[in-house]
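One structure is given below, encoded as structure tokens.
Throughout, protein chains are lettered first and strands after them, A, B, ... in sequence-line order, and every chain is numbered starting at 1.
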There are 2 protein chains.
Amino acid sequence: MNIKSLHHFLALAQTLHFGRASEEANISLSAMSRHIRQLENELGVPLFTRDNRSVALTPEGSAFETYARETLSRWDQLKKELSDSSENLHGEISLYCSVTASYSILFDLLNRFRPRFPDIDIKLQTGDPEHAISRVLAGDEELCIAAHPASLPKTLYFKPITKSPLVFITPINPNDKDIPTSQPKDGQHWAQVPMILSQGGIARTRVDQWFKTLKVTPRIYAQVAGNEAIVSMVSLGLGVGVVPKIVLDNSPLAQRVRTLPVTPTLLPYELGLITAKRNLKNPLVEAFWSVVDAPEPLL
Amino acid sequence: MNIKSLHHFLALAQTLHFGRASEEANISLSAMSRHIRQLENELGVPLFTRDNRSVALTPEGSAFETYARETLSRWDQLKKELSDSSENLHGEISLYCSVTASYSILFDLLNRFRPRFPDIDIKLQTGDPEHAISRVLAGDEELCIAAHPASLPKTLYFKPITKSPLVFITPINPNDKDIPTSQPKDGQHWAQVPMILSQGGIARTRVDQWFKTLKVTPRIYAQVAGNEAIVSMVSLGLGVGVVPKIVLDNSPLAQRVRTLPVTPTLLPYELGLITAKRNLKNPLVEAFWSVVDAPEPLL
DNA sequence: CATGTCGTTTCATTTTATGCAACATGAGGT
DNA sequence: ACCTCATGTTGCATAAAATGAAACGACATG
């Protein structure tokens with residue numbers, strides 16, 4: 001059974017005349033005859049009674065006529081639906097990012113993504129930035145927003161979105177005499193400053209490196225998981241922290257801390273979009289990608 | 001679109017692997033690839049995203065999967081319905097006969113037809129026997145039960161069911177001195193008998209012929225349309241009638257009249273089934289035909 | 001009995017489908 | 001960096017199917 005045969009059948013069912021039906025269907029009379037016969041063989045029942053003077057539907061033919069109409073209209077409907085739906089890019093895309101990134105970067109990103117691709121649904125998963133890359137590697141997520149890691153697996157692709165400097169922050173109201181209000185003069189001073197640092201991750205690596213160039217072993221007051229918590233602790237006056245500026249910009253506690261200019265400055269945090277290279281062919285991922293390409297500056 | 005392609009599509013949608021899907025569908029891998037591509041071309045949208053390592057349904061593919069399942073199950077259902085319905089002969093057949101025939105012949109006929117072909121509906125039209133043949137000729141009815149006419153059109157076919165003698169009937173209580181109680185001796189007697197005859201039709205032709213061989217001009221007391229009315233008038237004692245015996249057998253007035261043996265006897269009425277020759281190919285007509293063929297005697 | 005109509009069948013040709021093999025791509029291992 | 005394997009696609013020659021023209025067969029009509 002195929003769509004054409006159904007059309008031919010209906011032409012014949014209407015005209016009850018092979019000649020006129022075949023003309024209507026733009027095929028030869030013999031093709032019409034064979035199409036009908038083939039349908040009948042396939043179904044195992046005659047659809048028309050023909051003697052040389054007249055053609056009439058059998059009861060089965062009548063039932064088949066109903067079927068044929070239904071099936072054709074269903075097919076047309078499907079084609080219409082599918083072509084409608086394919087006019088706009090659509091589907092679902094999964095994205096993983098940290099809570100902070102969801103506030104700052106993702107907000108801008110989605111503000112521009114949504115109007116351009118209103119039919120792409122985003123499945124957003126927020127969580128520990130550490131897991132971002134592994135989840136993309138495992139295929140759990142198609143995209144993530146993360147800082148460029150020290151070493152990026154070959155199968156992944158990184159697209160920078162923005163850089164955010166790592167800044168030192170001090171409390172407005174220090175709780176400890178060793179907390180400086182301006183940049184400490186030398187390494188000796190630095191060694192006394194109570195530091196509140198990330199437990200790990202890029203920021204921590206950078207800070208460690210920074211102290212190493214000063215030849216100072218920092219006094220670590222607290223190691224914290226999550227940049228937001230660092231801002232929180234610093235605002236309480238417990239020490240000096242190091243966080244990406246973007247975290248500060250989005251922190252409700254930003255008023256309670258102050259950035260501390262330091263030299264040399266730390267290498268900035270490089271935030272970007274990460275996906276598995278194979279996903280780059282996925283039109284939905286491409287769409288997301290294109291938004292990042294967009295000329296409008298993000299910050 | 002055809003049934004096969006749908007099956008192939010579903011195989012691929014399930015396995016998401018061209019190799020295994022093609023194996024399942026018993027076609028080559030390349031055929032599978034091209035079938036899917038053809039479907040996609042036909043619909044104008046991709047159904048699968050494929051990179052060399054993986055195959056996945058697009059949103060459109062997912063919609064099409066639903067469609068494919070529905071369509072296939074609908075098709076199977078139809079096939080089942082049609083083959084079920086074709087196990088027994090069924091449909092509608094139209095039949096015309098006189099009221100008398102419907103009492104006598106049709107009753108026996110249907111008693112045997114119904115159990116053998118319970119799914120054939122009969123559209124029965126009763127009416128004047130004169131119209132029977134013309135209605136079949138015109139195609140208004142497929143069958144009729146009628147007496148074999150003097151000349152049967154070539155396009156019609158007659159199948160005898162039974163013969164019924166034409167009998168003379170006399171009243172039990174005659175109302176007229178010229179009504180004989182036994183066979184009149186000679187033509188002169190016959191010429192005085194008040195006759196009640198059909199207005200026309202075969203019976204009348206036969207009676208006219210009969211009187212002609214006796215070289216008698218009959219005294220016609222009444223010409224009547226309808227054999228039943230003849231019985232009625234005879235029973236009232238108004239004269240001698242001639243009717244097919246079968247009419248008498250089914251008449252409620254049979255007790256009020258008596259058959260009058262005569263020589264020579266009239267040629268019997270030949271009752272049978274009539275249809276247009278072209279209808280003989282119609283399996284429903286054939287079915288009816290076969291019941292008449294049946295060995296069981298009708299009378 | 002000739003004629004015209006109409007569906008079926010035959011036959012040569014064209015179109016389409018098919019499988020095999022070569023190819024292209026990309027992942028994973030060495 | 002290179003090889004190998006897995007996998008889908010494409011080219012090509014062949015096989016299968018569909019097609020239209022014409023012959024055919026059946027049958028009603030004049």
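Taking the six-membered ring where the residue is Trp, B:Phe288 and B:Phe113 present tilted rings, their angle falling between 30° and 60°.
As a whole-Å value, the separation of A:Arg20 CZ from C:dC6 P is 7 Å. D:dT7 atom P lies 15 Å from atom CE of B:Met32, rounded to whole Å. Nucleotide D:dT7 holds its P atom 12 Å from the CD atom of B:Glu23, rounded to whole Å. Put simply, CD1 on B:Ile36 is 15 Å from C1' on D:dT7, counting in whole angstrom units. For the pair A:His17 NE2 and C:dG4 C1', the computed distance is 12 Å after rounding to whole Å. The CD atom of B:Glu42 sits 10 Å away from the P atom of C:dA17 (whole-angstrom rounding).
Using a cutoff of 4.0 Å between basic side-chain nitrogens and carboxylate oxygens, B:Asp108 and B:Arg112 are not scored as salt-bridged. Salt-bridge formation is not detected for the pair B:Lys123/B:Glu142: no Lys NZ or Arg NE/NH1/NH2 atom is positioned less than 4.0 Å from an Asp or Glu carboxylate oxygen. Under the 4.0 Å criterion applied to side-chain N and carboxylate O atoms, B:Asp76 and B:Lys80 are not assigned as salt-bridge partners.
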Requested in this report: Applying ring-ring contact (aromatic ring centres under 6.0 Å, His included), run through B:Tyr67 and B:Phe9 and close with a yes or a no.
Outcome: CA-CA 11 Å; B:Tyr67 170 82; B:Phe9 169 85; 9.6 Å; no

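Checked by atom type, the side-chain pair A:Arg34/A:Ser30 shows a donor-acceptor distance below 3.5 Å. No hydrogens or angles considered: a donor-acceptor pair under 3.5 Å links the side chains of A:Asn2 and A:Ser5.
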Report task. Represent DNA chain C in dot-bracket notation, 5' to 3'. Only Watson-Crick or G-U wobble pairs with both distances under 3.5 Å count; pseudoknot-style crossings use [ ] and interstrand partners use |. Result -> ||||||||||||||||||||||||||||||

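When every heavy atom of B:Ile36 is checked against every heavy atom of B:Arg50, the shortest pair comes out as CG2-NH2, 3.9 Å.
Every pair passing ring-ring contact (aromatic ring centres under 6.0 Å, His included) that includes a residue from residues 10-41 of chain B is listed here, sequence neighbours excluded: B:His8-B:His35.
Judged as a side-chain hydrogen bond (donor to acceptor under 3.5 Å, both in side chains), and not counting sequence neighbours, B:Gln14 has no contacts. Applying the side-chain hydrogen bond (donor to acceptor under 3.5 Å, both in side chains) test to A:Arg114 and every residue at least two apart in sequence or in another chain returns nothing.
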Query raised in the report: How does protein reach along nucleotides 9-23 of chain D, written 5' to 3' as B (base within reach of a heavy atom under 4.0 Å), S (only sugar-phosphate), or - (no contact)?
Result: BBBB-----SBBB--

Query raised in the report: Nucleotide by nucleotide, 5' to 3', does protein get under 4.0 Å of the base (B), only the sugar-phosphate (S), or neither (-) in nucleotides 24-30 of chain C, counting heavy atoms?
Result: -BBS---

